[in-house]
Each structure stands twice: as structure tokens, then as C-alpha cells.
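Taking it in order: structure first as C-alpha cells, then the write-up.
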Amino acid sequence: MQYNFNEIEAKWQKYWAENQTFKADNPAQSKVEGNIEKPKFYVLDMFPYPSGAGLHVGHPLGYIASDIYARYKRHKGFNVMHPQGYDSFGLPAEQYAIQTGQHPAITTAENIKTYRRQLDQIGFSFDWSREVRTSDPKYYKWTQWIFIQIFNSWYNKETDKAEDIETLIAAFEKDGNTAVNAVCDDAIETFSAADWNSFSDKRKQEVLLQYRLTYLAETEVNWCPALGTVLANDEIVNGVSERGGHPVVRKKMTQWSMRISAYAQRLLDGLEKIDWPQPLKDSQTNWIGRSQGASAVFNVNEHDAVIDVFTTRPDTIFGVSFMTLAPEHDLVSQITTPEQKAEVEAYIEATAKRSERDRMADVKTISGAFTGAYAEHPFSKEPIPIWIGDYVLAGYGTGAVMSVPCGDQRDYDFAKHFNIPIPNIFEGVDISEEAFADKGKTVIANSDFLNGLPYKKAMKLAIYELEKLGQGEGKINYRLRDAVFSRQRYWGEPFPVYYVDGMPQMIAPEHLPIALPEVEKYLPTETGEPPLGNAEVWAWDTVANKVVNNSEINNNTVWPLELNTMPGWAGSSQYFNRYMDPTNEEEIFSKEAMNYWQDVDLYIGGSEHATGHLLYSRFWQKFMFDKGFVPKDEFAKKLINQGMITGTSAFVYTLSIELKDGESTTLYTEPTFHYFTKSLIDKLENQEIDPAVQKVIDQVVDKYKEQWGEKTYWNKNINIHKTHVDISMVNSSDELNMDAFQKWRPENEGVTFVVENGKYIVGREVEKMSKSKYNVVNPDEICEEYGADSLRLYEMFLGPLEQSKPWNTAGITGTHGFLKKLWRLYVPFMDGSLSEDTERSRSEAEVKPTKDNLKTLHKTIKKVEEDIENFSFNTSVSTFMICVNELSTQKCTSKEILEALAILVSPYAPHIAEELWSQLGNSKSISTAPFPAFDASYLVESSKEYPISFNGKMRFKLELPLDMSKDQIEEVVMAHEKTQQQLQGRTPKKVIIVPGKIVNIVG
RNA sequence: GCUCGAGUGGUGGAAUUGGUAGACACGUUGGACUUAAAAUCCAAUGGACAUUAGUCCGUAUGGGUUCAAGUCCCAUCUCGAGUACCA
């Protein structure tokens, strides 16, 4: 009986779907409420954005790994939840809609269909009954619900958690805002209880907005004109948009923001208790950017104004020789003197024109302008000139720095450039060439009360003295900014918000979801409103509690709705919790479900989400924790980043011949229109011209001579050109299908190949998989030709999960061959079409396992179990191969052994395992079978083949009993003829014997 | 520039606390079967010398610790990822 993988895989995929084999039990659904016998295990993949291109072989890598783990945990007796869904709001579908008019919901649904088909054919054990789609109103109802929760909350620094806004209102009514210690906007006016109670309703709402965890405020945002939307910091890479690479400019706009900065410290602390990859933790730490120092206040001379600065080096405060403000700083226009006005304004204009990208690319050019104003040093009372410079960023800290040129290289460079004095406040340090920033070696000098102190002490004392003056305090600063939450796009979650007199109002949760309205065009309106401005039915009726036509807006009971939509990360920030109870229409998830599932045990996905999805999700989780909705403040215990699978591009080579007269003048460049096989190119690169190449070159030169007459060409340059060729035209031995190549493109017709042994060998290079490089490998084709089980095994076999590694389809014959070999072991137990030489009955075939059989099996169990626990899937595939090779050699026909082996293999190659399991006579799915127990007694050895080394080099091996003593071993080894041969009469200085390991003879 | 990670055959990669380097595959070469091809099976396969036994060199490079180093320590080089005026 043949291993007919296509048939087997289709059969079992159908079986799993029909029997809901991988449906995870929920506490509420089980017989005994809240008490499922099995312990829970939650395995999660980062859900995909369903793009139009479908999957390539790189995409399922992480899904295969998580699937193996999920299936393994089922064998180990866990109630495993392994859900999958779609992050289906996003820019590509909308861009496509703008171009074609096709509704994004339609393209998205089509793409999801393709994804589902591709996922199904790989045989994942997903519980599809839990599927979520972020663009489904039934799902985004809860995204809107969370938004309302966040809006109705503030952050209490005293309790260090989010609290209901009602508690803040109560505090205001009682004591005003002076006693409240909250995370809020920067410039807040203080008010008493009496003030508060006398405020108008609108005024109260304005004040509360400054405290809410999501708030509407005019903020400086990253505006991307090409995409017509704002972008969050993590959506910008190198000053251009992550998607599309469009330029981004700074712009002030009224936007929803999320007060993630309130959670900066907890997001940092939380990293210590989760098992996530260090690089990922590092980049989150970096992104949060905690720095400890002090704030200091400098009074501005002749103005009623102060400059607030943040510094990490308050110990160097006596080294200040100037102040620098960001050009955008509010004070600049106020304090600039009439004489300096022209220069300052010109400078501000010049910096505004420079894009973010230019500013970043050009960090070496020093520029700035003097405002003409002076600040007063808090201690020395000396006047300090105030400058502006674009090396100070408006968005970080207070947008102003106290410049200490002797201790900071940027300040130093600025001072040098503008001839500002550089006072030295470090003992015994030369600062004539560069600034001195080594905190460890710092001893302060020329600094009044700080003289002679090292860094730490000086820092403490400086802060103490600043506090005494009332001009500063110790402070911790974070780089993390509040996250802009509005997008001027169509294809996203609508906000559950309407506006009364310009003030945002939440729609009551019982009226959710607020579904996306239909629009004619997906572009911004003529007046520059977001696409939802095109909707005709987009007003909120507060009486009927429903969305009505805009014409009904009466500014009394019917009000306009919010026109922005939520960003891509809104829907993905709590999806892992919704999976626990995905169809619940009453609440986001039931208490029972949440208490049972708790958190994600294993989360697998790409490292590109380090500072986006994974930071925002942790933020929302902490919020949900504060409000008592979830029991854990970190949502995923363990996270693994799978590496990228790169493509192996193929290249063909042509030459062009450049004829030069004398040293430099190019007379003529001639492409040869011949394709040369790789080895000839290799030779050329080593300055070696093969006769076959020479012939072509001569032809070109002859042709030239015919046209131009005889000349001496003493300089012939040969240039090699390589072109990508579609990898489907290349076989596993790198041979090009020359016929196919000629037909590939019209211009290839009739080209000549210069071959070796009749074969054209292409060049190979590892590159990112992409259409333009013609190196994309589609899993559909692999499944068709080799089967999903071969694909799964091969993806794991390629190398460690976290590492990036190149795909090479040729290698799949290895794992495919293994499966065939595995199959053959079971043939004696198969019904009907037994091959002639194995024609036996089952009972005849079955024999008792031999000692060797058991040894092979149990060493496989041990290794595979260890490997899975360590996520070392590549090595367990090798272990299976060794196991099958051994059992084949042993001609094993023990049902006991083969049953256990089928279970071991089943997480990796589930289809063949199910088939073999049923052929052995089992009627239930193999996924219900317990994992074989390891028994060490089968591995006990009585002897060991000792490596005998001389001076650390292994020379020969000797089989010795394991119970032999050190002395006995030495005796036997020394007496051995090969030992004497090695020593050649010398007496060894030392003999090292590690029983059970090694013998080393020194001398 | 800074932070982190990695360098092992022609290729992907093994090597658990320092203890037989190159497991397992791919590819290559030779052989069997076949009219032929495919498939399958068998054998060889780090390099150099040695046609037998065997010897020497080999885990990016140079040092060091050790009876013993891919593994530990120091320095250097190369590649990859992240980050980038963060005061």
C-alpha cells in the first residue's frame, strides 16, 4: 500500500473539521460548571492580516511550531486552547478600495477565504469555533466598549492604578484638584472644590479630559500626506511611514490619545516577570526610555517667565554656560529681543522646512540662533545666554536643556561652533578636545558647594539644594509618549463618540456596536475631513439611540458622530482575551471563562511587533487588570519570536564587453546576449578566462573590427551582469530549464547558453522572499507535491525556530523520504492491498518488542520530549529519522512500538500519524492518546565504548564494562597493544579516567 | 555611534554540566535495479598527505586557562537585528 499523502491529508482534515476534534472546552459549557478536570493550556499565534498575496512558506513557520506544541500538550492531558483569527482592519484593503471602489469588507472576506484554505491544508489544530475578525461588528463592539472604559478612567498615582472617573469627580467636589495626585496633562490650573462646583458643565468636561486615560487634545502628530492620516511613532521607520515609505511631517491636530505614559514604570517593571526574548524586552525598555535625574527651573531675566529643564546630570549644574530651547518652544517668541528677532525667525522657518528625515540624516551640521535673552543661574545668579537649536527636540522632556558643554558632547560641539565659553568643572580632566561624560570617574570642581564630590553624591546634593530653593526636584523622565489613537481612515473601528457643543460624549455601551457607515468614496472629503465625512447616515440620535441621517442633526437631540477611526492596534490589543469567550454577546468575556483560561501560556509571532502590538497590548492588559476585568496584569507568560524564512534566489549571467582605447576612453560596450553557466563566471571572477568565454569575446571583438576597422585594443573590460530568474525554472541541482527560460519572456527567445556538460547551472543567493526577486515559494504547491506533513517537518527541520534561515525546496525530499520510510514500517499491519513480500495477517506480523526496539523507542521518547519542552523542534525531527532508520534496520514489527511511535510523531506530522494509528486498529483520533511514558530502565547499559585519547586527541575506542573501577580501566588500557603503539616506549605522566566518559593519557 | 545576537564541511544545521567535532538531512560521486527515465536501495563524502595500516591540519582570527576548549577568559575581525541628537 502506497503512502498516498494527498488522499490521507484530505481525509483527516475533513475528519477533524466534522468532529470538532480540536474544540477546547470552556468552563460554562462543561457539565460541572467552572470545573474542568483537565488543566488549561493556552497556545496563541499572532493572528495574521489577510493580505491579497496569500501565504508563502515563510508565514506558517510559527504556526507549525505552536501547533506542534498545542498537539503535544493535548497528548499530555491538557485542555488546550489554540485559536486563530484575523486582524482584518488595515491599510492595504483600503488603498485597494480607493483605487477600485471595491468595498474593503469584500476584498477582506475574499482574502480571508484564501488564508483559511491555505491554513486548513497545512493541518493546523485550530479551534475555529473561536475565530475572531477585528473588522466584524460583533467583535469591534468590544473594542468600542474598552475605549469607553478607558475614557471613563483616570490614573491615580497614589494607588498606582486606573480608577473610575467618578472617584475623581468626587475628589474634585470635595477638595478641588490640589489634593489629587493624578497622571494628567502638563499645564493644569488648580481649582478648589468651590471652583469646581461653580464650573459650567462644559468646563467640567474640559477639565476631566485633561485627566482621562484617553483624551481629546490638540497634539503635535506625525502627519503622512500620502496616506492622508496620522501615524503613531512606531509606525514610522527612519522618518518615513512604515507602510509605503512616504514622508511624514509634524502637524498640530485635535486627536484622541491614549495616556500610555501613565503606565511607563509598570510596563518596565512587568518585563521582569515574563519569559519573553531578551532583544524584545530590550527594545521595549529602550522605547520606554526611563532616565533618572532632576528638573530644574531657570528664571528668565527681564521676563515673567521660567525655563523648565530636565537633566540627568544635576551634578554639573555649575558647568552650564548657555541654555538651548527647541525652535518650536513656546517661550521663543516671547523672549527674543528685537535685535535677534530676524535671525531667530529665519532659523525657525529654516528648521520647519526641513523634514524629519533630513534632520535625522544630517546630525553633524550644527545650527542654532541666539535669542538675545538671558536666564539666571539658580545658584550663582550669573546670566546665561538663551539659544535655540534643532538638536533639542520639542517632543522630549520639556523641549529645553541646560547646556553643559564640558560634560555633554552635543553641547560641547554647539559651544565650539558658536564660540560660547566651555567652563571646566571636572577635577583633573582635559576638555580641550572633547567633553568628559564618564560618570564613574567624575570629581566635581569649580562648583561651589559641590566641589570635590563624586558624581553620585554631587547629584544628590544638587537636587537637595535645588529643592531648598524651590527651583527643582529629583525626577524620572520617560521617552514613551502618549499614543495617538485617531486615524483619518475609513477601514477601522468607528469611535462610539458624538459631539455636543464640540465636547465628546460616549454612547452608552448597550447601544454598541456603532457600525461603520457606507460611503461613496474612501478618500477624505473636499473640506479635508476624514473619509467618514462622506457618510450621509452618520449622526447620533440621543432619544432613539441610533445612528441617523446627517440631515436630522438639530444640535439638540441629534448630534454629529466622530469622523476618525481607531488605529490598527486597537483590535489586536485584547483579542487574546476575547478568544476565551468569543461569542459572548452580553459581556466581553465571562468571569468563568477568564478565571479558567487566565492568560496565554505560549505566544508565538514575529519580532517586528516588539514596540507596537506587544507594548499596547500590555498597556491595555494592565488597564483591564486595574479595573478588575482580568486576573493577570501580563497577558502572555512566554513569548517566542520565530525567525524569518528567507528565499534562495537564482541568477543567470550575461557579460558585456567594454573596449577601451588606452587607459580610459570607452570606445564601445557590447552585451554578448550569451548566458554563461555559473562555473565560467566563477572563473572570470578569479581573472581566469575559459576558452568558451574567450570564443564569445573574440566574436564580439571581431564584429567590432568589421565595423570599425583594425585597431589595437589593449584594454578590454568584461562586466558581469546577473539577473533574477524564477526559481520554478531551476531544479534541485541548480540546473536551469533552458526551454522554459526562453519562453519566460519574449526577449529571451533565441538566447544562447554557454553551458558545461550540457547543463546551465544558475547562481544562488539568499534574499528576503519577494515577488520581485522571483524566489517566492507557495505552500500550496509544496502540499500538492509532497504533502502537508512533509512541509511541516521540513519547516521545523530547517533549523532553530528563532533563527532566520533560507528556504531551499530541494531539501524537502529528506523529510518526505523519512515519511515514506515511516509508512513502510507499518505496511505489515495494513488492510487489503499488502504488497506481495509483506503479505501476512496482522496477528502474524505482530511480534513482541525486542530489547533493541525498546531501547530505540525510549531514547526517542526522552529526546523528543526534551526537545519539545525546549522548543528545539529541528533536533526532534532528526531524532525521528534516527529512530525510523534504526527500527527499519531492526525490522521491527511490534505493534506496541509502532503505536507509541505514531503518537510521538503526531504533533509534527498529524495526518500520517492519524492514518497509521487507525491502520493499527484504533478508532478514536490519535490526538486523544496519551503521550508515551519514558522508561529509563530500557536505556541502562552494561558497557561503554570508551574513547581512548592521548594528549586530548582520540586515537582509538575500547569497549569496557561500566562497572569497572578506575584502576581496572587503567590497567586494561595501559596493557592494550594500541596504547603501547601510541606511547612508543614513553612513560605517561598522567592518566585521566572519567568513568563512563573518557580516558586521556598524557605524556 | 550605541545595545544585543551570531560566525562550525559544498549547503541547512547537530554536539545537555568543558570529555569521541561534523549527528540528521540536502547536494555530489560511484554502484544495484530498469530497454530507458523516475522512484527505490547500497556505498563513499571536512581538508591535505598516505594507495595498507596510518599521519598532520581543522569550529572567523590571535592569545590564554585546562589532562582535555566549538563550548570558559581576553583582544581583534566580519555579518545580522534593533535603535539613533533622549539632555
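In what follows, chains are A, B, ... by sequence order, proteins preceding strands, each numbered from 1. We use all heavy atoms of the structure for the numbers below, so side chains are in, but hydrogens, waters and symmetry mates are not.
- Counting any heavy atom pair closer than 4.0 Å across all strands shown, A:Asn874 reaches sugar-phosphate atoms only and no base atom.
- To the nearest whole angstrom, the two P atoms, one in B:C56 and one in B:U3, are 44 Å apart.
- Comparing B:A15 with B:U66, their P atoms are spaced 29 Å from each other, to the whole Å.
- If you check B:C26, B:G12, B:A87 against the side chain of A:Lys805, the one that comes closest is B:G12.
- Applying the 90° criterion around 0 to the glycosidic angle, B:G63 comes out anti.
- Between A:Lys966 and A:Glu970 there is no salt bridge, since no side-chain nitrogen of the basic residue lies less than 4.0 Å from a carboxylate oxygen of the acidic one.
- Taking a 6.0 Å sphere around CD of A:Glu272, one finds it holds 12 or fewer heavy atoms contributed by other residues, nucleotides or ligands.
- The separation of B:U11 from B:G18, taken at their P atoms, amounts to 30 Å, rounded to a whole angstrom.
- Within 6.0 Å of NZ in A:Lys855 there are 12 or fewer heavy atoms belonging to other residues, nucleotides or ligands.
- Rounded to the nearest Å, the gap between the P atom of B:U40 and that of B:U55 is 39 Å.
- The 5' end of RNA chain B is approached more closely, in terms of each residue's nearest nucleotide, by A:Gln278 than by the other of A:Gln278 and A:Val877.
- When the nucleotides B:A14, B:C86, B:C4 are ranked by their closest atom to the side chain of A:Asp282, B:C4 comes out on top.
- For A:Thr813, the listed nucleotide lying nearest its side chain is B:C26; candidates were B:A87, B:C41, B:C26.
- No more than 12 heavy atoms of other residues, nucleotides or ligands lie within 6.0 Å of CD in A:Glu433, so this atom counts as exposed by the packing criterion.
- Rounded to a whole Å, the OH atom of A:Tyr396 is 13 Å from the P atom of B:A84.
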Using atom names, set out every protein N or O paired with an N or O of nucleotides 15-22 of chain B below 3.5 Å, distance rounded to 0.1 Å.
from: B:U17; atom 1: O4; to: A:Lys997; atom 2: NZ; distance (Å): 3.1
from: B:U20; atom 1: O2; to: A:Lys957; atom 2: NZ; distance (Å): 3.1

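- A donor and an acceptor atom, one from each side chain of A:Tyr391 and A:Asp411, are located under 3.5 Å apart.
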query: How would RNA chain B look in dot-bracket form, 5' to 3', counting Watson-Crick and G-U wobble pairs with both distances under 3.5 Å and writing | for bases paired to another strand?
result: (((((((..(((......[....)))((((((.......))))))((((....))))..(((((..]....))))))))))))....
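- Between A:Phe956 and A:Phe950, the ring-plane angle classifies as tilted under the 30° and 60° cut-offs.
- Distance OH (A:Tyr786) to P (B:C26): 12 Å, rounded to an integer number of Å.
- Nucleotides B:U76 and B:A25, compared at atom C1', are 35 Å apart to the nearest Å.
- Between A:Pro277 and A:Leu280, some side-chain heavy-atom pair lies under the 4.5 Å cut-off.
- Here, B:G13 and B:G46 have their C1' atoms 15 Å apart, quoted to the whole Å.
- Distance noted for atom P between B:G82 and B:A14: 23 Å (whole Å).
- Under 3.5 Å, the side chains of A:Thr648 and A:Asn808 contain no donor-acceptor pair of N or O atoms.
- Of the candidate nucleotides B:C67, B:C86, B:U83, B:C86 has the atom lying nearest to any side-chain atom of A:Leu393.
- Side-chain proximity of A:Arg955 to B:A87, B:U83, B:U55: nearest is B:U55.
- Under the salt bridge (Lys or Arg N to Asp or Glu O under 4.0 Å) test applied with A:Glu886, the options A:Lys821, A:Lys891, A:Lys859 reduce to a single match, A:Lys859.
- If you take CH2 of A:Trp287 and P of B:U3, they are 20 Å apart, rounded to a whole angstrom.
- When rounded to the nearest whole Å, the span between NE2 of A:His816 and P of B:A25 equals 15 Å.
- Both A:Ser607 and A:Lys990 lie near RNA chain B, and the one whose nearest nucleotide falls closer to the 5' end is A:Lys990.
- Residue A:Arg290 is out of contact with every strand shown, counting any heavy-atom pair closer than 4.0 Å.
- For B:U51 and B:G12, the P atoms lie 35 Å apart once the distance is rounded to whole Å.
- Rounded to a whole Å, the CZ atom of A:Phe797 is 11 Å from the P atom of B:A23.
- A:Ile812 places its CD1 atom 22 Å from the P atom of B:U11, with the value rounded to the nearest Å.
- Taking the six-membered ring for Trp and thresholds of 30 and 60 degrees, A:Phe797 and A:Tyr794 have ring planes inclined between 30 and 60 degrees apart.
- Among the protein residues, A:Asn885 comes within range of the sugar-phosphate backbone only, with heavy atoms under 4.0 Å from sugar or phosphate atoms but none that close to a base.
- Side-chain N/O atoms of A:Arg479 include one lying less than 4.0 angstrom from OP1 or OP2 on B:A84.
- Rounding to the nearest 0.5 Å gives a distance of 4.0 Å between CD1 of A:Ile645 and CD of A:Glu795.
- In this entry the distance linking CD of A:Gln284 with C1' of B:U3 reads 16 Å, nearest Å.
- With 3.5 Å as the limit, one finds no donor-acceptor pair spanning the side chains of A:Ser291 and A:Asn477.
- A:Gln803 comes within contact range of the sugar-phosphate backbone alone, with a heavy-atom separation under 4.0 Å but no base atom that close.
- Taking the side chain of A:Ser291 as heavy atoms from C-beta on, and the options B:G12, B:A87, B:G13, the nearest nucleotide is B:A87.
- Between A:Phe298 atom CZ and B:A87 atom P there is a gap of 16 Å when expressed in whole angstrom units.
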